[in-house]
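Comments concern the structure below.
Numbers here are sequence positions counted from 1. As the structure is a computational prediction, the values presented were derived from the model and not from experiment.
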Amino acid sequence: MATVQTLPLVGHDALGRPVAWRDGAPVSVARFLAEVEHLAAALPAGAHVMNLCEDRYRFAVVLAATLLAGKTTLLPPNRTERALVQVGAAYAGCGAVTDAPLPPLDAPVVDYPDVPPHARGPAHVPAIAADHPAAVVFTSGSTGEPRPNLKRWGKLAAGARAEGEALGLAPSAFNLLGTVPPQHMYGLESTVLLPLLLGGAMHPARPLLAADVRAGLAALPAPRVLVTTPIHVRACVEGETALPALCVDRVGRGTARAGACGRGRAPLRDPRDRDLRLQRGWNGRHPPHHGDADVAHDVGHPPRARRARLGVHRRPRARPRPHLRPAASGERHGVPARGRARDMLNIAGKRASLGDLNHKLLEIPGVQDGVFHVPQGASDGQVARLMAFVVAPALTEGEIIDALRRAIDPAFLPRPLVKVAALPRASTGKLPLEALRLLEAEAAR
């Protein structure tokens, strides 16, 4: 009989170690496990549970309780009624746990309970089967309808450890603040699993304003880790917000604001202009390269072999050090294009990536936010024209177009360019395709 591989629920070396900080006081592993065991007994009866907690620590408790109960966590792409109804319909009998008001749901909902201070948890850290279907994570919807992706516990744990190794965070005590929600893969892996499995402690809040980011970091003892996104880094830089000293500044791809380096006094990792190591998969291997994209092998549910094309183009090298960046604007066919596979465009025989175009738009002085958009009807990267939505109160449309004309090929100039008061960004900072199409429809009217 084959031995079932198990992995611990947390990676701390003692039950007295802090797993979170709340109001300046540590929350120990022992207290965390007590809340996990208490909640596991109160979960809805179905095999799937939507984790809708906004508080990062409570989210971690629900995730761990679901694992302990042998269930699977569902992480909807957002908290809108439409998204929650769709997920509930796709996973019949699922329930939800929340710590904030929800739209009406045709599913059992459990409010996060108040666990008595004297509650006691297990004397040892529980272990979870590596092949247990731990979570179903949905894509953000920035390139179409949100799609579900099953993640098993072994793969999630290995991914978090690989990330910690890549960032130089050996299993040790560190204190982490995240500006991204834990319901998405980036936030789940980088702000929940990373501290849980590498012996760190998390801040429960998700600050939005630059001053709140500074206050959240100041409430944590050193060494501190900030997990954030370009839009939050930009807010800190433009607001000239001085951040407490950081041991790692983890920034999402596409950030050009190197000034955050000085204000955070930490190394800023910017994958657009330097080589990066491709993190090894959970089996310790790099993904194979086929044609113009990497191919990863995954295991579905029920278990079956499945191949998936990764969303980033890279140029193969003798050594596994791929260069990740959007293709240069106007790059012609035949020059190795690199960037997100879904972002590649072809207009009048010229190639560019949306990521690179967006970067050049945001570089224009006076542009506070902006995005290029492919109108409906385009297919396979063949586009007749582009649109752009821009937040720039002090600039005219003509001034923005003139600045773009100096930076990009004329074939990619937006027609039309639409000024808006704000872009409908999701909590991750991304722009759902559905929201951009609504802006497109409004502009057409």
Side-chain angles (χ1 to χ4, degrees), residues 18 20-27 53-60 78-79 99-101 167 174-184 186-188 190-192 194-195 200-270 362-371 390-394 420-431:
W21 292 88
R22 189 178 293 281
D23 299 326
V27 179
C53 287
E54 297 281 354
D55 181 289
R56 200 176 309 275
Y57 170 75
R58 291 175 178 173
F59 175 93
N78 54 63
R79 292 170 62 93
D99 60 356
L167 294 175
F174 59 89
N175 303 294
L176 183 147
L177 176 71
T179 66
V180 293
Q183 281 84 4
H184 299 271
Y186 175 39
L188 171 65
S190 301
T191 71
V192 177
L194 189 66
M202 67 189 76
H203 193 295
R206 180 169 65 87
L208 297 177
L209 302 178
D212 296 330
V213 173
R214 179 183 59 200
L217 287 171
L220 294 175
R224 306 177 186 89
V225 175
L226 173 63
V227 179
T228 188
T229 62
I231 193 169
H232 287 103
V233 172
R234 183 177 180 131
C236 290
V237 171
E238 293 182 348
E240 298 186 352
T241 302
L243 302 180
L246 305 172
C247 66
V248 174
D249 192 355
R250 172 66 193 268
V251 183
R253 183 177 306 149
T255 301
R257 306 296 176 177
C261 255
R263 293 189 175 90
R265 300 193 293 284
L268 182 69
R269 312 284 173 88
D270 185 355
L362 291 171
E363 279 189 326
I364 299 172
V367 172
Q368 298 176 0
D369 200 0
V371 65
V390 185
V391 180
V420 295
L423 292 179
R425 292 190 179 273
S427 54
T428 55
K430 293 187 177 183
L431 285 164

Which heavy-atom pair separates [X] from [Y] by the least distance, and what is that distance?
X      : Y      : value
Ala100 : Glu54  : CB-CG, 4.2 Å
Leu362 : Gly370 : CD2-N, 3.5 Å
Val180 : Gly187 : CG2-CA, 3.8 Å
Pro18  : Ala201 : O-CB, 3.6 Å
Pro207 : Leu177 : CD-CD1, 3.8 Å
Gly178 : Arg56  : O-NH2, 2.9 Å

Quick one: pull up CG in Asp369 and CG in Leu431 and give me the separation to the nearest 0.5 Å.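 Asp369 CG to Leu431 CG: 7.0 Å, rounded to 0.5 Å.
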
Interatomic distance, His203 atom NE2 to Asn175 atom CG [nearest 0.5 angstrom]: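 The NE2 atom of His203 sits 10.0 Å away from the CG atom of Asn175.
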
Taking the side chain from [X] and the backbone from [Y], do they hold a donor-acceptor pair closer than 3.5 Å?
X      : Y      : value
Tyr186 : Thr191 : no
Arg214 : Pro244 : no
Arg224 : Leu217 : yes
Arg79  : Pro101 : yes

A side-chain contact here means heavy atoms from C-beta on lying under 4.5 Å apart; do Asp99 and Phe59 qualify?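 Asp99 does not reach Phe59 side chain to side chain.
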
For residues Asp212 and Thr179, determine if any side-chain heavy atom of one lies less than 4.5 Å from a side-chain heavy atom of the other.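 When only atoms from C-beta onward are counted, Thr179 and Asp212 do not touch, as no gap falls below 4.5 Å.
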
Would Lys430 and His184 count as a side chain to side chain contact (heavy atoms under 4.5 Å, CB included) here? Give the steps. CA-CA 11 Å; Lys430 293 187 177 183; His184 299 271; over 6 Å; no

Leu220 and Leu176: side chain to side chain contact (heavy atoms under 4.5 Å, CB included), yes or no, with the steps? CA-CA 8 Å; Leu220 294 175; Leu176 183 147; 5.9 Å; no

Side chain to side chain contact (heavy atoms under 4.5 Å, CB included) assessment of Arg22 paired with Asp55: CA-CA 11 Å; Arg22 189 178 293 281; Asp55 181 289; 3.0 Å; yes

